[in-house]
Amino acid sequence: MTRLSNDSMPKSEALPVFDDLLSMQAQCAKWQSQGLRLALVPTMGALHEGHLSLVRLASQKADRVLVSIFVNPKQFAKGEDLGTYPRQLAKDKEKLSALTCHGIYAPDANAMYGEDFSTSIHVGIVSEGLCGASRPHFFGGVATVVAKLLNQLRPDMAVFGEKDFQQLLVIRRMVKDLDMGVEIIGGPIIREPDGLAMSSRNAYLNTSEREIAPQLNHILRAMAEKLRQGETIAATVETGQRKLIAAGFDKIDYLELRSEKNLAPLEDPLDATKSAEARLFGAVLLGKTRLIDNWKITD
Ligand code: AMP
């Protein structure tokens, strides 16, 4: 085990950080030989309450909780924010030390992807459209790194947030299709008091952008209300798009109503059966920051 940071916080001392696979696997094998159930919470770090809620959920369901922190180069395209993505391992460790968390796995990119690394996992259908349309590299990168993490650590379960709802479905699909034998647990979206979904990328927002940002959630909520009242999907989406631009967002990447089961687009009329599985998905650009959110139509 290698300690990566020199936190002076005494609480953090107890929480081990593993940067090499062999020591991490030795620890996981030890836990598993003791019959302890292991949960993994994969993250890219810069932890906020959204991540921490997943750690709490994991600790309710498993005996040992591992958080992986890895800014995965394979899910960033050229020109995206790989270089500037916030990295703050010491702070993350401090936050996790206050929770029931038994280890941090923080491999470096060279260790994760050797020179000749050549494999990419493509998950069909659920990774097409929405974020998959504007970020075609993204879900391949996510699926590949999650498959590696699951194969490396062999947890009994892994926890993902509904904030990245499409990602959650992609992982569920991959695990089922490839018989990976790990339980995938989804956790609810954690928001700021004004409704903005928490995200490590919210740190990019300047003061005026931060004021505009919660409107994404407010507009999704208003759209859900209109749909519940019987307004057509086309009219609701058109109004939503107009409101987003009026609120100050620079570009709408997508704004769509889809089934939360398989992301199939939904069409009018929106009967009770379709409403029950309908979820609004939105992605916008605000300055240089891309924000995503989603909202279920019925409770
Ligand atoms: P990231 O570090 O952004 O890759 O996210 C790691 C995990 O945390 C993913 O499963 C995300 O869906 C989840 N997550 C991120 N933000 C939130 C949030 N606001 N609420 C719940 N889960 C979240």
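Residue indices begin at 1 and follow the sequence shown. Quick caveat: nothing in here was measured; it's all calculated off a predicted structure. Start at 1 and go down the list; that is how both ligands and their atoms are numbered.
- The residue from Lys163, Gln167, Glu192 that puts a heavy atom closest to atom 9 (C) of ligand 1 is Gln167.
- Between Val159 and ligand 1, a contact under 3.5 Å exists for no N or O pair.
- Of the charged side-chain nitrogens involved, at least one lies within less than 4.0 Å of a carboxylate oxygen, so that Glu80 and Arg135 count as a salt-bridged pair.
- For atom 13 (C) of ligand 1, the closest heavy atom belonging to the protein is Leu54 CD1, 3.6 Å.
- Residue contact check: His48 has heavy atoms under 4.0 Å from atoms 15 (C), 16 (N), 17 (C) of ligand 1.
- Shortest contact from atom 20 (N) of ligand 1 to any protein heavy atom: Ile190 N, 2.9 Å.
- Of the protein's non-hydrogen atoms, Met44 CG, 3.6 Å is the one closest to atom 4 (O) of ligand 1.
- Of all protein heavy atoms, the one lying nearest to atom 12 (O) of ligand 1 is Asp164 OD2, 2.6 Å.
- For ligand 1, the atoms sitting less than 4.0 Å from at least one non-hydrogen atom of Ile189 are 20 (N), 21 (C), numbered in the order shown with element in parentheses.
- Looking from atom 21 (C) of ligand 1 to the surrounding protein, the closest heavy atom is Pro188 O, 3.3 Å.
- Taking every non-hydrogen atom of Met198 and a distance limit under 4.0 Å, the qualifying atoms of ligand 1 come out as 16 (N), 17 (C), 18 (C), 19 (N).
- Atom CD1 of Ile125 sits in a sparse spot, with 12 or fewer heavy atoms from other residues, nucleotides or ligands closer than 6.0 Å.
- The proximity of His51 to ligand 1, defined as any non-hydrogen pair under 4.0 Å, is limited to the side chain.
- Gln166 contributes a side-chain N or O that, together with a main-chain N or O of Val126, makes up a donor-acceptor pair within less than 3.5 Å.
- Lys95 and Glu49 are not joined by a salt bridge, as no carboxylate oxygen comes within less than 4.0 angstrom of a charged side-chain nitrogen.
- Looking at Pro42, Pro86, Gly161 and measuring to atom 6 (C) of ligand 1, the nearest heavy atom belongs to Pro42.
- Side-chain contact annotation: Asp81 with Thr84, donor-acceptor N/O pair under 3.5 Å absent.
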(Q) One pair to check against salt bridge (charged side-chain N to carboxylate O under 4.0 Å, His left out): Glu225 and Arg228. What are the steps and the verdict? (A) CA-CA 5 Å; Glu225 178 60 28; Arg228 282 195 298 270; 2.5 Å; yes
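- The proximity of Glu49 to ligand 1, defined as any non-hydrogen pair under 4.0 Å, does not occur for either the backbone or the side chain.
- Note on Asp293 versus Arg191: salt bridge recorded, some NZ/NE/NH1/NH2 to OD/OE distance being below 4.0 Å.
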Throw together a table of side-chain donor-acceptor distances under 3.5 angstrom for residues 110-120, partners on residues two or more places apart or in other chains.
residue	atom	partner	partner atom	Å
Tyr113	OH	Asn72	OD1	2.6
Ser118	OG	Asp116	O	2.5

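- Close approach to Phe160 involves these atoms of ligand 1, each under 4.0 Å from a residue heavy atom: 10 (O).
- Under the side-chain hydrogen bond (donor to acceptor under 3.5 Å, both in side chains) criterion, Arg221 pairs with Asn217, not counting sequence neighbours.
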